[in-house]
*Asks:* 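Okay, here's the structure, questions in a sec.
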Amino acid sequence: RCFEDDDVVHVDGNVNPVRDIEVINLELIMADYNQVQRLMEKPVKQAKGAGHDVEMIRSGMKKIATVLEAGKLARSAKLEEDE
């Protein structure tokens with residue numbers, strides 16, 4: 001949010017777009033990391049039953065987890081087409 005309005009309350013008390021986007025990105029990183037961890041724990045049987053290549057899925061999830069652990073957004077992970 002790049003505007004100030006006395007009728008709109010900001011959680012931190014003042015508007016700071018740079019800080020705000022950093023907070024949003026951190027929240028996205030944490031949510032994505034939790035999702036990746038959950039997906040990596042799913043039984044292999046489920047993935048196989050759905051016709052997925054389990055090793056490719058795991059490979060992609062590991063790459064994404066590494067990017068997230070480095071404090072970067074998931075979309076910056078370099079994945080192969082079938083990961």
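Model, not experiment: these values are computed from the prediction.
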*Asks:* Mind checking the CG-CG spacing from Asn34 to Leu39? Nearest 0.5 Å is all I need.
*Replies:* 11.0 Å
*Asks:* With rounding to the nearest 0.5 Å, note down the distance linking NZ in Lys62 to CD in Glu55.
*Replies:* 7.5 Å
*Asks:* Which distance, rounded to the nearest 0.5 Å, do you find between the CD1 of Ile57 and the CG of Asp82?
*Replies:* 10.5 Å
*Asks:* What are the two closest non-hydrogen atoms of Asp32 and Ala74, and how far apart are they?
*Replies:* OD2-CB, 3.6 Å
*Asks:* With Arg75, which residues qualify under side-chain contact (heavy atoms from CB on, under 4.5 Å), at least two apart?
*Replies:* Leu73
*Asks:* Can you check whether Glu22 reaches Asn25 side chain to side chain, under 4.5 Å on heavy atoms?
*Replies:* no
*Asks:* Looking at CD of Gln35 and CD1 of Ile64, how far apart are the two atoms once the value is rounded to the nearest 0.5 Å?
*Replies:* 10.5 Å
*Asks:* Do you know which two heavy atoms are closest between Lys63 and Lys78, and how far apart they sit?
*Replies:* CD-O, 3.5 Å
*Asks:* Quick check: is Ile21 connected to Met30 through a chain of hydrophobic side chains (ILVMFWY, heavy atoms under 4.5 Å apart)?
*Replies:* no
*Asks:* To the nearest 0.5 Å, tell me how far Met56 CE sits from Glu81 CD.
*Replies:* 9.5 Å
*Asks:* Hey, could you give me the CD1/CZ distance between Ile24 and Arg19, rounded to the nearest 0.5 Å?
*Replies:* 10.5 Å
*Asks:* In the single-linkage hydrophobic clustering (I, L, V, M, F, W, Y; side-chain heavy atoms under 4.5 Å), do Tyr33 and Val23 co-cluster?
*Replies:* no
*Asks:* When hydrophobic residues are tied together by side-chain contacts of less than 4.5 Å, even through go-betweens, does Val36 share a cluster with Val67?
*Replies:* no
